[in-house]
S.K.: 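Mind having a look at this structure? Questions to follow.
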Amino acid sequence: MSETVVTRFAPSPTGFLHIGGGRTALFNWLYARRFGGKMLLRIEDTDRERSTQAAIDAIIDGLTWLGIEWDGDTVYQFSRSARHREVAEQLLAAGKAYRCYASPQELTEMREAARREGRSKLYDGRWRDRDPSEAPTGVQPVIRLKAPQTGETIVDDQVQGRVTWQNENLDDFVLLRSDGTPTYMLAVVVDDHDMGITHIIRGDDHFNNGARQTQIYQALDWKVPVMAHIPLIHGPDGSKLSKRHGALGVDAYRAMGYLPAAMRNYLVRLGWSHGDQEIFSTEEMIAAFDLPQIGRSPARFDFAKLESLNGHYIRQTAEADLLAEIEQLLPHLAGGAELKAKLSPGVRSRLLAAMPGLKERAKTLVELIDSAGFLFADRPIALDDKAKAVMTDEARALIKAVLPDLEAVEPWSAAGAEQAVRTFAERAGVKLGAIAQPLRTALTGRVTSPGIFDVLTVLGKAESVARLRDQAGNPAG
RNA sequence: GCUCCCUUCGUCUAGCGGUCUAGGACGCGGCCCUCUCAAGGCUGAAACACGGGUUCGAUUCCCGUAGGGAGCGCCA
């Protein structure tokens with residue numbers, strides 16, 4: 001009878017939800033879903049100095065945006081400190097832990113001396129076997145685990161394999177601080193146990209902690225959960241992921257115009273694979289995800305691939321959904337508010353009509369919004385530098401010459417406009433491109449845009465003609 | 001310094017002793033399509049870190065070397 005899978009995501013609220021945390025959460029979520037289990041969320045806020053409500057909000061927002069849902073109530077670790085203390089006392093009573101009266105200064109000196117002499121910086125166990133009567137008065141002790149000094153501690157990790165530590169290389173670490181609050185090491189074990197966690201999937205940076213935590217489980221005679229330590233994500237140059245590289249909050253990725261589905265797809269393929277498959281719907285990820293396919297080497301973060309994936313998902317998304325995404329994104333963008341104000345029903349329907357041509361060309365939502373700028377620009381249309389170079393005297397002359405043909409198109413349609421322009425080009429003895437580029441420039445102010453006949457259609461006859469007249473040099477009317 | 005981990009194209013990866021003249025994807029080059037830019041199609045360049053073993057046979061197993069990473073707090 002196999003037990004139900006229970007995973008957890010346990011971030012410390014000392015900053016935003018970064019990309020590595022997002023992936024860890026995704027893996028936990030996928031694993032739980034795959035095996036019909038649950039994923040719990042625990043906020044590790046035992047560091048009162050650095051934990052903030054803003055960080056908690058950012059983490060929850062980030063997970064929500066990524067589409068990762070957790071089960072049950074969020075557990076706040078700090079609220080469980082009485083229980084943590086209780087377990088520390090229990091260990092003390094059982095002789096599995098002891099009080100250490102060494103002061104922080106004393107320990108610093110110990111480590112410095114160890115370093116000078118080329119010895120290990122581990123705690124030397126100076127209070128391990130001392131008689132309690134020797135305790136100095138007026139000093140609040142910490143409680144340390146009485147860890148085994150011989151033998152070995154084994155972590156049978158699902159990703160890293162079976163790894164063995166010689167116990168002499170592990171020390172008597174602190175369980176309870178002198179102020180009576182638990183350390184991370186103790187709190188994690190107690191909470192994971194009490195919450196019924198069966199699988200711990202977390203970053204590789206916790207791998208060494210895995211051995212220490214195993215010792216706590218053993219001292220308590222509790223069952224050690226299955227562990228899976230996933231490799232960290234590195235920057236493009238292979239070094240630690242820094243802010244400059246992409247160690248941004250997931251909210252930053254939203255602001256850059258990435259879609260949650262693209263983000264999930266990119267993240268799931270960072271360190272995990274399923275044969276040659278690159279594109280995964282959420283259902284496919286859940287169906288295929290498992291621990292053995294997680295690689296053991298760190299992956300570098302690559303914006304180019306993320307962009308490519310994002311472009312794919314943008315193209316896959318229905319026009320109306322894209323419009324909704326854009327409207328949700330606007331408040332997160334600089335200058336988004338003014339743009340939002342311009343979204344009248346008329347502009348929205350224009351945007352919707354132009355969307356097929358727009359989404360084909362955009363790698364991010366921000367690019368999409370930018371390329372849609374001509375739809376709500378005011379006349380006369382401002383030309384960018386490349387557009388100015390196109391707008392030569394000949395170009396103006398061509399626009400002026402084709403205008404009457406365009407004005408004669410009735411009813412206004414892409415097909416009608418196309419026929420008029422093609423016929424004109426033939427008559428004038430110029431290639432279609434020679435007339436299309438000036439038209440595009442006059443209509444959009446840019447040298448790239450969706451197909452010119454689509455632009456004409458979306459803008460409508462009156463607006464198109466007016467914009468063309470602006471550039472042809474003829475004042476309207 | 002000590003402990004632990006990692007090493008296939010520039011990047012993400014497939015590969016779990018012979019099927020590898022090493023596959024896919026992103027990126028890059030070329031061609032096609034074409035009103036621009038994309039998208040799409042075709043195509044090209046591009047990798048098993050190095051040195052020893054084990055084996056009839058190593059990208060795959062073992063040991064070194066080099067390089068990279070993580071940890072060594074009364075932080076998490």
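We name chains A, B, ... by the order of the sequence lines, and we start the count at 1 in each one.
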S.K.: Indicate whether OP1 or OP2 belonging to B:C6 is found under 4.0 Å from a side-chain N or O atom of A:R296.
M.R.: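 It does, given that an N or O in the side chain of A:R296 lies less than 4.0 Å from OP1 or OP2 of B:C6.
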S.K.: Taking NZ, NE, NH1 and NH2 as the nitrogens, is one of them in A:R8 or A:D192 under 4.0 Å from a carboxylate oxygen of the other?
M.R.: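 Looking at A:R8 and A:D192, the cut-off is met.
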S.K.: Does A:K121 put a side-chain nitrogen or oxygen below 4.0 Å from OP1 or OP2 of B:G73?
M.R.: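 For B:G73, neither OP1 nor OP2 has a side-chain N or O of A:K121 closer than 4.0 Å.
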S.K.: For a quick check of understanding: with a heavy-atom distance under 4.0 Å over all strands, which category does A:G161 fall into, base, sugar-phosphate or nothing?
M.R.: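 Nothing, no heavy atom under 4.0 Å.
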S.K.: Regarding A:V447, tell me which of base, sugar-phosphate or nothing describes its non-hydrogen contacts under 4.0 Å with the strands shown.
M.R.: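 Result for A:V447 = base.
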S.K.: Nearest-nucleotide wise, let me know which of A:L270 and A:K363 is further upstream toward the 5' end of RNA chain B.
M.R.: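 Closer to the 5' end of RNA chain B: A:L270.
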S.K.: Would you classify A:R440 as touching base, sugar-phosphate or nothing, given that sugar-phosphate means primed atoms plus P, OP1 and OP2, and contacts are heavy atoms under 4.0 Å?
M.R.: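 Since a base atom lies under 4.0 Å of A:R440, the category is base.
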S.K.: Just checking A:S273: base, sugar-phosphate only, or nothing, at a heavy-atom cut-off of under 4.0 Å?
M.R.: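 Touches sugar-phosphate only.
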S.K.: Once you apply a heavy-atom cut-off of 4.0 Å, does A:T448 come out as touching a base, just sugar-phosphate, or nothing?
M.R.: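 Base: the residue A:T448, judged by heavy atoms under 4.0 Å, touches a nucleobase.
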S.K.: Would you classify A:R202 as touching base, sugar-phosphate or nothing, given that sugar-phosphate means primed atoms plus P, OP1 and OP2, and contacts are heavy atoms under 4.0 Å?
M.R.: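 It contacts nothing in the nucleic acid.
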S.K.: Closer than 3.5 angstrom, by distance alone: can the side chain of A:S308 be matched with the main-chain N or O of A:A304 as a donor-acceptor pair?
M.R.: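 Pair absent, no side-chain N/O of A:S308 close to backbone of A:A304.
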S.K.: Remember a base hit wins even if backbone is also touched, and classify A:D179 as base, sugar-phosphate or nothing at under 4.0 Å, heavy atoms.
M.R.: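 Answer is nothing: A:D179 stays at 4.0 Å or more from every strand.
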S.K.: Applying a 4.0 Å non-hydrogen cut-off, can you work out what A:I452 is touching in the nucleic acid: base, sugar-phosphate, or nothing?
M.R.: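 Base: the residue A:I452, judged by heavy atoms under 4.0 Å, touches a nucleobase.
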S.K.: Hey, does A:S371 reach any base, or is it just sugar-phosphate, or nothing, if we go heavy atoms under 4.0 Å?
M.R.: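 No contact at all - A:S371 keeps every heavy atom at 4.0 Å or more from the nucleic acid.
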S.K.: Looking at A:E426 and A:R422, does any basic side-chain N land under 4.0 Å from a carboxylate oxygen?
M.R.: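 Looking at A:E426 and A:R422, the cut-off is not met.
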S.K.: What is the distance, rounded to the nearest whole Å, between atom CZ of A:F173 and atom C1' of B:G71?
M.R.: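 Distance, rounded to whole Å: 14 Å.
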S.K.: Indicate, with a heavy-atom threshold strictly under 4.0 Å, whether A:R315 touches base, sugar-phosphate, or nothing.
M.R.: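 The residue A:R315 makes sugar-phosphate contact but no base contact.
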S.K.: Counting only side-chain N and O atoms of A:T14, is one of them less than 4.0 Å from OP1 or OP2 of B:A76?
M.R.: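 No, outside the criterion.
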S.K.: Identify whether any heavy atom of A:E278 sits under 4.0 Å from a base atom; if not, whether one sits that close to sugar-phosphate; answer base, sugar-phosphate or nothing.
M.R.: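 Base contact.
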S.K.: Have a look at A:I279 and say if it touches a base, only the backbone sugar-phosphate, or nothing, with a 4.0 Å heavy-atom cut-off.
M.R.: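 Counting heavy atoms under 4.0 Å across all strands, no contact is made by A:I279.
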S.K.: Quick one: is A:R269 getting a side-chain N or O under 4.0 Å of the B:A14 phosphate, OP1 or OP2?
M.R.: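 Negative; the distance criterion is not met.
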S.K.: Pick base, sugar-phosphate or nothing for A:H206, based on heavy-atom distances below 4.0 Å to the nucleic acid.
M.R.: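 Here A:H206 touches the bases of the nucleic acid.
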S.K.: Contact class for A:E360 vs. all strands (heavy atom < 4.0 Å): base, sugar-phosphate, or nothing?
M.R.: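 Base contact.
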S.K.: Can A:R144 be said to sit on top of A:Y123's aromatic six-ring, NZ or CZ under 6.0 Å from centre and within 45° of the ring axis?
M.R.: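 Here A:R144 passes the 6.0 Å and 45° test against A:Y123.
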S.K.: Should the side chain of A:R361 and the base of B:U36 be counted as holding a donor-acceptor pair, with the cut-off at 3.5 Å?
M.R.: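 Yes.
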S.K.: Cation-pi between A:R80 and A:F78: NZ/CZ under 6.0 Å from ring centre and within 45° of the ring axis?
M.R.: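 No, A:R80 does not lie over the aromatic ring of A:F78.
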